[in-house]
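Position 1 is the first residue of the sequence, and the numbers go up from there.
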Amino acid sequence: MKILGIGNAIVDVICKVDDSFIDQNNLTKSTMKLFFNENEFKNLLTNLKIEKTVSGGSVANSIVGISQLGNKAGFIGKISDDEFGSNYEEGLKKENVEYYYSKKKEKLPTGTCLILVTPDSERTMCTFLGTAGKINENDVSSDAIKKSEIIFLEGYLWDEGEPKKAFDKAINNANKVAMSLSDLFCVDRHKPHFLNLVKSKLDITFANEQEITSLIDAKNFDEVINFSKQLNKLMIVTRGEKGAVAINNDEVFETETQKNLKIVDLTGAGDLFAAGFLHGYINKLSTRECLEKGTEMSSKVIQQIGARL
């Protein structure tokens, strides 16, 4: 197998809302809020019109993109034997992704992410992790990891206790490890752990400018470049309208964003960027070509609703 993703198996429920909905529910636009109370989460959904339901989760979105580009890809993520769980499994199989998980009835339901798209195309996410957040080392197949050229992890998955053990098992059995820092709040919650991962355990790190700046407490982007040069690893930073940068030792590669795009929904932009880049990487393209493929994929996905092409 070329690449195996390990992440939160979450069903994306996409709804269009006005800015007032974001304010009334005390949400912060463009961020992800975790809900720990199932009823509180369900109450949010009651008055909304659902546009689309998709098997999601950040790394799962990337893995589907990688599969769509013709690569052999697999995914590990914890679901329950319920309606959303069955939908999730079917969604991955339709995309020719090998799913390395046997679902059973769990105490908690399959994870759900409510994606609220405002008129400015920004997305605000409300996530009830459900059973996805209970992944443990027994859910992770060492055999599948060892047979993959590279594994791709998400920062969202990292949490103290059982998920951390699953994470460690994956890293310890992997040939190469890539990871996305996922979200600014996620970075701020786990800063010392993520910094250690980036410095010591990861071969490739994906981050947006906000996430990496916060992780290393940088005052400007030059500090990000200098930090990345010293890593002796591959650091990929997306910068919104300023394009993206890859730093590999002393080499710095940049790519611009595509112009005149009709942006509809920014959901999945980072996930599909990672898909394009990793597709290039596992097919031995140059770093610049990998960046260009990432940009091409992210440009496509933001011109439609949802995180799948």
Which value, rounded to the nearest 0.5 Å, describes the distance between [X] atom [atom1] and [Y] atom [atom2]?
X: Leu4; Y: Lys146; atom1: CG; atom2: NZ; value: 13.5 Å
X: Phe41; Y: Asn43; atom1: CZ; atom2: CG; value: 11.0 Å
X: Lys229; Y: Asn249; atom1: NZ; atom2: CG; value: 10.5 Å
X: Asn87; Y: Thr53; atom1: CG; atom2: OG1; value: 7.5 Å
X: Glu95; Y: Ile66; atom1: CD; atom2: CD1; value: 12.5 Å
X: Leu197; Y: Leu202; atom1: CG; atom2: CG; value: 5.0 Å

Between [X] and [Y] (side chain of the first, backbone of the second, donor and acceptor by atom type, cut-off under 3.5 Å), is there such a pair?
X: Ser67; Y: Ile63; answer: no
X: Asn37; Y: Asn39; answer: yes
X: Ser180; Y: Ser182; answer: yes
X: Asp183; Y: Phe185; answer: yes
X: Asn220; Y: Glu223; answer: yes
X: Asn96; Y: Gln68; answer: no
X: Asn25; Y: Leu27; answer: no
X: Ser298; Y: Gly294; answer: yes
X: Lys105; Y: Asp81; answer: yes
X: Asn196; Y: Pro192; answer: no

Let me see the working for Phe221 and Val224 under side-chain contact (heavy atoms from CB on, under 4.5 Å), right down to the final yes or no. CA-CA 5 Å; Phe221 199 66; Val224 170; 3.9 Å; yes
Contact between [X] and [Y] at the side-chain level, heavy atoms closer than 4.5 Å - yes or no?
X: Leu44; Y: Leu116; answer: no
X: Cys186; Y: Trp158; answer: no
X: Val245; Y: Ile225; answer: yes
X: Ile145; Y: Ser141; answer: no
X: Thr205; Y: Leu181; answer: yes
X: Val64; Y: Leu92; answer: yes
X: Ile10; Y: Tyr156; answer: no
X: Lys201; Y: Phe167; answer: no

Shortest non-hydrogen contact from [X] to [Y]?
X: Asn173; Y: Ser142; result: ND2-OG, 3.8 Å
X: Ala9; Y: Ile79; result: CB-CG2, 3.6 Å
X: Leu184; Y: Gln210; result: CD1-O, 3.7 Å
X: Leu157; Y: Pro163; result: O-CB, 3.4 Å
X: Ile135; Y: Gly77; result: CD1-CA, 4.5 Å
X: Lys233; Y: Ser200; result: NZ-C, 3.8 Å

Would the number of heavy atoms belonging to other residues, nucleotides or ligands and lying under 6.0 Å from [atom1] of [X] be above 12?
X: Lys29; atom1: NZ; value: yes
X: Glu40; atom1: CD; value: yes
X: Lys134; atom1: NZ; value: no
X: Lys191; atom1: NZ; value: yes
X: Glu256; atom1: CD; value: no

Are [X] and [Y] within salt-bridge range, i.e. N to O under 4.0 Å?
X: Asp139; Y: Lys78; answer: yes
X: Lys103; Y: Glu89; answer: yes
X: Lys165; Y: Glu162; answer: yes
X: Glu296; Y: Lys300; answer: yes

Does a side chain donor of either [X] or [Y] reach within less than 3.5 Å of an acceptor in the other side chain?
X: Asn208; Y: Glu211; value: yes
X: Asp120; Y: Thr118; value: yes
X: Thr110; Y: Asp82; value: yes

Plane angle bin for Tyr99 and Tyr88 - parallel if under 30°, tilted between 30 and 60°, otherwise perpendicular: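 If you compare the ring of Tyr88 with that of Tyr99, the planes turn out tilted.
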Please answer: with hydrophobic residues joined when any side-chain heavy atoms are less than 4.5 Å apart, are [X] and [Y] in the same cluster?
X: Ile6; Y: Ile171; result: yes
X: Met1; Y: Val177; result: yes
X: Leu291; Y: Leu234; result: yes

Decide yes or no on side-chain contact (heavy atoms from CB on, under 4.5 Å) for Lys293 and Asn283, but give the supporting numbers first. CA-CA 12 Å; Lys293 194 67 185 173; Asn283 288 290; over 6 Å; no
The test is side-chain contact (heavy atoms from CB on, under 4.5 Å); show your working for Asp203 and Ile150 and say whether it passes. CA-CA 9 Å; Asp203 299 291; Ile150 187 166; over 6 Å; no
Stepwise side-chain contact (heavy atoms from CB on, under 4.5 Å) test for Val117 and Glu51: CA-CA 10 Å; Val117 183; Glu51 297 273 327; over 6 Å; no
Of the options Lys2, Glu149, Lys176, Glu289, which is the one that meets Tyr281 in a side-chain hydrogen bond (donor to acceptor under 3.5 Å, both in side chains)?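 Considering Lys2, Glu149, Lys176, Glu289, a side-chain hydrogen bond (donor to acceptor under 3.5 Å, both in side chains) with Tyr281 is found only for Lys176.
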Check the pair Glu122 / Ser30 against side chain to side chain donor-acceptor pair (under 3.5 Å), numbers first and verdict last. CA-CA 6 Å; Glu122 287 291 339; Ser30 307; 2.8 Å; yes
